[in-house]
Every structure is written in structure tokens, then in C-alpha cells.
Amino acid sequence: MNSEGQSQVRLHDFKPGNDRFLAEVMSGLRKAQKELPSKYFYDEHGSYLYERICTLDEYYIPRIEDSIMKAYIKEMAELVGPKALLIEYGSGDCKKVRILLDHLQDPVAYVPIDISGEQLLRVTQDLYSSYPTLEVLPVCADYTSSFKLPEPKRRGERIVVYFPGSTISNFDPIPAKHFLEHIAEVCESGGALLIGVDLKKDPAVLHRAYNDSQGVTSAFNLNLLHRINRELGCDFQVDSFKHYAFYNPREGRIEMHLLSLREQSVHLDNATINFAKGESIWTESSYKFNLDEFHEIAAAAGFKVERVWTDEQQWFSVQYLVAT
Ligand code: AVJ
């Protein structure tokens with residue numbers, strides 16, 4: 001405890017440097033179909049915009065996931081069992097996990113993992129105020145790369161990974177399988193994964209969710225260019241690009257792009273990158289699954305689907321997968 005009576009939070013820091021950011025931006029912009037990794041959306045302002053997206057009526061995911069969590073939390077807590085070590089990938093504002101923390105029986109520790117270090121410190125403080133006896137071990141990392149998990153003081157009965165919000169949707173099928181394999185290793189046998197998985201639905205609903213009427217998703221997409229300008233010294237004319245999102249039914253995914261409204265060039269680390277008028281940068285994929293499709297991916301990664309909860313319309317699912 002410090003003089004303000006707040007506990008000193010120790011951040012386990014594996015935050016990647018700007019060199020990795022630059023390398024990934026450069027290689028993405030050199031491809032025939034230009035692309036940028038969606039994980040870079042979440043700087044301070046991007047995280048704020050994402051939180052605003054999550055309050056929009058059109059963006060159904062958080063609302064429905066939350067209703068599923070509330071309806072079935074007792075069953076979920078029972079499956080997780082006592083003395084679990086709870087790890088969350090992409091913990092963000094750490095609000096979703098609270099319902100679990102409120103219902104789990106004596107979890108040994110909670111390990112939030114997020115790329116945004118500032119936010120992680122803030123929310124860890126809040127968690128300590130709400131759950132004074134819970135050991136919180138925050139990890140700042142790009143969870144798609146390897147890092148060492150901190151050791152909790154008490155030994156847990158099992159490791160349970162929480163991966164809500166259908167963040168798995170951002171991975172292409174092969175990386176998705178690899179990522180789930182990695183989680184299966186982290187959980188060890190007997191551990192489990194509680195995951196939010198978005199489902200296929202009327203494309204009109206999907207279209208509205210990624211083209212909201214207030215333009216928050218557009219601002220979220222364009223913020224990536226502002227971030228690249230600021231952190232990598234690039235010179236994107238952000239108002240010469242336009243948010244473009246559509247459902248690709250063949251691939252079963254929403255694609256977000258940034259369209260160049262005119263012929264233009266940008267400069268990045270001594271390179272010049274040219275854009276034709278109408279050319280796009282592909283910034284995000286958000287896959288929508290059938291329950292069978294996801295079942296197959298989970299099985300291929302070493303998970304048995306133990307329980308699936310959905311809403312009445314089957315727009316979203318929360319699934320409990322056990323590592324085999
Ligand atoms: C955080 C990956 C679940 O794909 O729906 C929201 C991110 N992108 N609006 C999604 C996002 C545009 C979101 N996930």
C-alpha cells in the first residue's frame with residue numbers, strides 16, 4: 001500500500017516496441033492488397049472508441065453476450081468450479097469479467113492480459129477496490145506473441161481462460177486454430193476456455209453493426225491512420241480515406257477497409273507508398289460462425305465443446321470448451 005492507501009500495481013510488461021509496429025505496418029502496406037493488423041486499433045483513443053461502439057444499439061454483440069452471461073452465470077460458475085486461475089485475453093476495460101468474479105468460488109487469481117498498459121493499470125486499481133482479497137496479476141502484452149504468465153501465490157485447481165466479445169472473429173481460420181491450440185496449451189489438460197463466439201445472421205443486421213449511424217465505427221477505423229502518423233511519423237491525409245465495411249458471404253466475414261478517395265502517396269520510414277484512387281487498405285476481418293463450424297475449429301485445436309449457450313435468436317454464443 002502507498003500513502004494514498006492504494007496498493008501498488010505491478011505490471012508484467014511484455015509490451016512490444018515500435019520497431020515491431022513499424023515492421024508490421026510496412027509489410028502490410030507493401031502487399032498487393034494493402035492491409036494493416038486490426039490489433040493496432042486499440043491505442044488510448046481507439047480503446048475509447050471501441051468502448052463507445054459497445055454502447056451502440058446497432059452493435060449487438062456486447063448487449064447479447066451480456067444477457068447470455070447473466071442468464072447462465074450459475075451454470076458457468078459451476079463448470080469452472082472452485083479455486084480456478086482465471087486468465088483473460090484482451091481484458092480491455094475489465095468490465096465483462098466482473099460477473100464471473102462475482103460468482104466464481106474462491107478464484108486463486110485473475111490475470112488480465114492487454115496491449116494497453118495505461119488502461120490495464122487503471123482497471124487493476126479498480127478491481128482491487130472491488131475485490132480486495134483477489135490476487136490480480138496484470139500482463140501487458142500482445143497476446144498473439146509469446147510471454148511468460150505470472151505465478152499466483154496460491155496453486156489453482158485448474159486454469160480457465162476467458163476470451164469474450166468474439167475477439168476470435170478477428171483471426172483468419174488458420175491463425176484462429178493456432179491461437180486456440182496455444183490457449184489449449186496454456187490451460188493444460190483439465191483446463192477450459194470460456195469464449196464468446198459471434199454467429200452468422202441476416203447480413204443487413206451485420207451491415208448496420210459495422211456501419212453505425214453515428215459514425216463511431218468509421219472513426220475507430222480511421223483512428224488507425226492517425227495512430228500510424230503519430231507513432232511512426234507517417235503522413236496519411238486521413239480525410240482522404242473513407243471507412244468501408246461489408247459482409248462477404250463466401251468467406252463468412254465482415255471486412256473493414258479504408259478506401260483512398262484519390263490518387264495519393266504517403267511516406268513511411270524513407271519509403272513512399274502509392275495509392276490509386278479507390279484502392280483499399282484492409283484493416284479488419286470479423287468472422288461469423290455456424291455452431292458446427294466453430295465446433296470443428298475447436299476440436300481441431302484440442303478442445304471438446306462442453307456447453308453452448310445462445311440467445312433466442314441465435315445471434316451470439318458463449319461456449320465452454322474443455323482442453324483434452
Ligand atoms: C472486438 C473483434 C469483436 O469484430 O466485432 C467492432 C471489433 N470492429 N466494430 C468485432 C470491431 C468494428 C470487434 N471485436
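Predicted model, so just to flag it, every value in this text is computed and none were measured. For the single chain, residues carry numbers from 1 onward in sequence order. Each ligand, and each atom within it, is numbered from 1 in the order the structure gives.
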- request: Between Glu284, Arg253, Glu65, flag the one that comes closest to atom 12 (C) of ligand 1 by a heavy atom.
  value: Glu284
- request: For Ser286, counting its heavy atoms only, list the atoms of ligand 1 lying under 4.0 Å from any of them.
  value: 4 (O), 5 (O), 10 (C)
message: Under 4.0 Å, heavy-atom basis, I'd like to know which part of Phe41 is in contact with ligand 1: side chain, backbone, both or neither.
response: neither
Protein contact of atom 1 (C) of ligand 1 - nearest heavy atom, named by residue and atom, plus distance: Tyr50 OH, 3.3 Å
- request: Pull out every atom of ligand 1 sitting under 4.0 Å from any heavy atom of Asn170, numbered as shown with elements.
  value: 2 (C), 4 (O)
- prompt: Would Glu279 and Lys277 pass as an ion pair if we require N to O under 4.0 Å?
  reply: no
Short N-O contact, Asp43 and Arg230, less than 4.0 angstrom: yes
Where ligand 1 meets Tyr42 - atom numbers and elements under 4.0 angstrom, heavy-atom basis: 1 (C), 7 (C)
- prompt: So, are Glu181 and Lys177 salt-bridged, with charged N and O less than 4.0 Å apart?
  reply: yes
- prompt: Trp315 and ring-ring contact (aromatic ring centres under 6.0 Å, His included): which partner among Tyr60, Tyr59, Phe289?
  reply: Tyr60
message: Among Arg30, Gln264, Lys34, exactly one meets side-chain contact (heavy atoms from CB on, under 4.5 Å) together with Ile273. Which residue is that?
response: Lys34
- prompt: Do the two ring centres, one from Tyr247 and one from Tyr210, sit under 6.0 Å apart?
  reply: no
- prompt: Do any heavy atoms of Ser166 fall under 4.0 Å from ligand 1?
  reply: yes
- prompt: Which protein heavy atom lies closest to atom 13 (C) of ligand 1, and at what distance to 0.1 Å?
  reply: Tyr59 OH, 3.1 Å
task: Would you give the length of the straight line joining atom CG of Leu100 to atom CG of Leu194, rounded to the nearest 0.5 angstrom?
output: 6.0 Å
task: Name the closest protein heavy atom to atom 3 (C) of ligand 1, giving the residue it belongs to and the distance to 0.1 Å.
output: Gly165 O, 2.9 Å
field: Thr167 N/O under 3.5 Å from ligand 1 N/O
entry: no
